[in-house]
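Notes to accompany the following structure.
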Amino acid sequence: MKKNIEIATILRKIGYLLEMNQENDNNSIFKVRSYKRAGEAIADLPSNIEDIYSKEGLAGLLNIHSIGKAIAGKIEEYITTGKIQYFEKLRSENNINIDEFYRLESIGPKTIKIFHDNLNVKNLSDLEKAAAEGKIRKIPGFSQKKEESIMKKIQLFKKGRERYLIGEVYPLIKQIEERLSGFEGVSKAIATGSFRRMKETIGDVDYLAVSDDPKKVIDYFAAMPEVDEVLGKGQHKIFLRLNNGMDADLLVVPKESFGSALQYFTGSKQHNVAVRKIALAKGFRLNEWGVFDNNDNNRIAGSSEEEVYRILELDWIHPEMRENMGEIELAKKGKLPQLIQYNDLKGDLQVHSNNTDGTMSIEDMALAAKEKFGLEYIAITDHTKSLKLTNGLDEQELIDQANKIKEINDKIRQGFYYKEKEDNNLNNMQNSVHDKQDITKSGQNNFQILSAAEVNIMKDGSLDISNNTLDKLDVVGAAIHSNFAQTIEVQTDRLIKAAQNPSVDIIFHPTGRLINKREGYQINVDKLMEVAKDTNTVLEIDAHYDRLDLKEEYIRKAVQNDINLVIDSDAHHPVHFAFLKFGIAQARRAWAGKSDILNTLSVDRLLNNLK
DNA sequence: GCCGTTTTCGGCCCGACTGTTTTCAGTCG
């Protein structure tokens, strides 16, 4: 997806350059928007733009919303030549280095142009120098205050803004949400934005609260212990930076606007723009305060999201789907897919114990899975011998572990030894990503631990444990943990070989990515999926928030091609079962249903469906 | 420059906040 980012960046920069030089005629304003919108569209594209072009050519590019003839041509030019002449020309004409400027917050192209024309500012360090020397305040329309604010923005930019992994910030976001909910005079409070859509990374968090006294709530929010700095404050809204560096916004509305505000604040932006266009076509106006009839300006909906969508003749759309990726058309026709629910999983097929790199015993992991997360089964998938770092198990140790698991299962069936351990180990789960709602059901006596392994796939695609041994286990997952830097052909062959192995049930974290850290190894996912389908091999969605592997694009592909999937926590500690929700969210974002995910089945049916 | 239940021209989502504006432009989400 490197090309997607490159192209999106160029399109945004074209928009920026055009805006910088825009004379105030309307045509160019909309031209600027077109380039920016096209940039967003490419950035949000779930598939690789090079693939689209190689398979469908120019027509494939034109199929992308917001991409028309002119921009499609420029994308084609970039894919085939590595350059866009139009962009090069604009850039050379301008003599301003916008590579830094275009990412600077609250200082836009118009302001930069003024600095250039007045002070010959060409890059960020010029601007910093001009501000430090007090030259900004001398420009008409600027002031010392503005100059100071610019200085601050530059410092902030230098620190670098990043997106946070959802699992990293989940506890903090929930904690603030709960506190807001409990504040006097607040009848509802909820974290919205990309957090509510459960994106794998979160840029900032947007809170919505219902209250008749917005000022009181805003002041309370500003005074929270997690607040580093208040960035802006108005009658209904406040923007601030938390001391972990993340920005948080709060919007306070009356209860009759809750639904429209929730819809507005949840986004995505693209989804909202599309929904507002539908409102407009019906003679309505949609904003955070409600749906209004343009004829008499009366509010006709707004207290609930359902009401807002209903008046636009749309079914209510799950937040995870709101990306303007076709969900609105389906909602119009009443044909939205049934998504897997957050309490649909019955088991977890990748769980580690302290026999290798886990931190707790098999019994402790099982106890947590059963009592705290309401699961009916887990597979203990410790690493195998070639993974020396984790003290991986050899053949004999795997067999011994499987025998021990049988004994534990017997004890569980007899209702043995769980109760007294419960309180000691599991009561300290606050501040984790564990929610109350994670506990969906509990108290079954039919809990089962499956003997299993996370077998290491060697450089040549063979496994480090004999099939003879693996066939004695209930479940076998295979994964790559070494030799990442192979060609795409070699890497794909490795995984295909593993999938073709009759003992391998599941390929764990198939692409090896670590979000924000590591791209993952190169593989031809289409080929792997073909083989997975032919051999009835399951592909995993590893729900650990730094992996979420398969990613959304591939899950979508798997769902479309009827490839069996499972969602596993990759738990190394009992609290990690809470990660399952991130995997479920990822599946929901890819429109997966319950039937696409095998570990929504009971243990017997699951085992019948494996190789 | 893009787009189509006002369909190949004439529109283009919408409002909050900031600064210094006494009515608005710039920026953001």
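Labels below follow one simple rule: chain letters A, B, ... track the order of the sequence lines, proteins then strands, and each chain is numbered from 1.
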The salt bridge (charged side-chain N to carboxylate O under 4.0 Å, His left out) partners of A/D296 (sequence neighbours excluded) come to none
A/E147 CD to B/dT20 P, in whole Å, measures 11 Å
Exercise for review: Would you tell me if any nitrogen or oxygen in the side chain of A/K237 comes within less than 4.0 Å of OP1 or OP2 on B/dA16?
Suggested key: no
How far does the P atom of B/dC14 sit from the matching atom of B/dT8, given to the nearest Å? 22 Å
- prompt: Without hydrogens or angle criteria, can the side chains of A/R322 and A/N272 be said to hold a donor-acceptor pair below 3.5 Å?
  reply: no
Here the distance between atom P of B/dG19 and atom CG of A/L231, to the nearest Å, is 11 Å
Sorted by chain and residue number, the salt bridge (charged side-chain N to carboxylate O under 4.0 Å, His left out) partners of A/E329 (sequence neighbours excluded) come out as none
Atom NZ of A/K36 and atom C1' of B/dT27 are separated, to the nearest Å, by 9 Å
If only side-chain N and O atoms of A/K145 are considered, is one of them under 4.0 Å from the OP1 or OP2 phosphate oxygen of B/dG19? yes
Taking atom types as modelled, find out whether A/D206 and A/T192 have a side-chain donor-acceptor pair closer than 3.5 angstrom. no
**Prompt:** When you measure from the centre of the six-membered ring of A/Y554, is the NZ or CZ of A/K551 under 6.0 Å away and within 45° of the axis?
**Reply:** yes
Sorted by chain and number, sequence neighbours left out, salt bridge (charged side-chain N to carboxylate O under 4.0 Å, His left out) with A/K145 holds for none
Judged by nearest nucleotide, the residue sitting upstream toward the 5' end of DNA chain B, A/R37 or A/G234, is A/R37
Check your understanding: Can A/F30 be called stacked on B/dC12 when the rule is centres closer than 5.5 Å and an angle between planes below 30°?
Key -> yes
Picking from B/dG29, B/dT27, B/dC2, the nucleotide nearest the side-chain atoms of A/P109 would be B/dT27
Open item on the list: Say we look at B/dT23 and B/dG29: how far apart would their P atoms be, to the nearest angstrom?
Closed with: 29 Å
For this session: Please state the C1' separation for the pair B/dG19 and B/dC13 - nearest whole angstrom.
Result: 25 Å
A/R103 atom CZ is separated from B/dC28 atom C1', nearest whole Å, by 18 Å
Residue pairs meeting ring pair (Phe, Tyr, Trp, His ring centres under 6.0 Å), one or both in residues 191-240 of chain A, sequence neighbours left out, come to A/Y170-A/F195, A/F183-A/Y220, A/Y207-A/F221, A/H236-A/W289
**Asked** Phosphate oxygens OP1/OP2 of B/dT20: is one of them under 4.0 Å from a side-chain N or O of A/S143?
**Response** yes
Side-chain contact check for A/T111: nearest option of B/dG26, B/dC14, B/dC28 is B/dG26
Side-chain atoms of A/I71 come closest, of B/dC14, B/dC17, B/dC2, to B/dC2
### Query
Is A/G193 touching bases, backbone alone, or none of the nucleic acid, heavy atoms closer than 4.0 Å?
nothing
Walking DNA chain B from its 5' end, the first of A/Q144 and A/Y35 to be reached, judged by nearest nucleotide, is A/Y35
A/I42 atom CD1 is separated from B/dG1 atom C1', nearest whole Å, by 14 Å
*asked:* Mind checking if A/L104 touches a base, just sugar-phosphate, or nothing, with heavy atoms under 4.0 Å?
replied: sugar-phosphate
B/dT8 -> Watson-Crick or G-U wobble partner, both distances under 3.5 Å, gives none
Rounded to whole Å, the CZ-C1' distance (A/R33 to B/dC14) equals 10 Å
Taken to the nearest whole Å, CZ/A/F265 to P/B/dG15 is 15 Å
Here the residues of residues 284-302 of chain A within 4.0 Å heavy-atom distance, strictly under, of DNA chain B are A/R285, A/L286, A/N287, A/E288, A/W289
(Q) When you measure from the side-chain N and O atoms of A/S149 to the phosphate of B/dG19, is any distance below 4.0 Å, counting only OP1 and OP2? (A) no
Of the candidates B/dT20, B/dT6, B/dG4, the side chain of A/A281 sits closest to B/dT6
Atom CD1 of A/I114 and atom C1' of B/dG19 are separated, to the nearest Å, by 13 Å
- Query: Looking for any heavy atom pair under 4.0 Å, which part of the strands does A/K269 touch: base, sugar-phosphate only, or nothing?
  - Reply: base
Q.
Tell me whether the count of non-hydrogen atoms from other residues, nucleotides or ligands lying under 6.0 Å of CD in A/E93 goes above 12.
A. yes
Item to complete: Could you work out the separation of B/dG26 and B/dT20 based on their P atoms and round it to a whole Å?
Response: 14 Å
Side-chain contact check for A/D206: nearest option of B/dG29, B/dC13, B/dG26 is B/dG29
**Prompt:** Between B/dT6 and B/dC12, how far is it from one C1' atom to the other, in whole Å?
**Reply:** 13 Å
N/O donor to acceptor pairs below 3.5 angstrom from side-chain atoms of residues 49-57 of chain A, sequence neighbours left out:
{"from": "A/Y53", "atom 1": "OH", "to": "A/E76", "atom 2": "OE2", "distance (Å)": "2.6"}
{"from": "A/S54", "atom 1": "OG", "to": "A/E50", "atom 2": "O", "distance (Å)": "3.3"}
{"from": "A/S54", "atom 1": "OG", "to": "A/D51", "atom 2": "O", "distance (Å)": "3.1"}

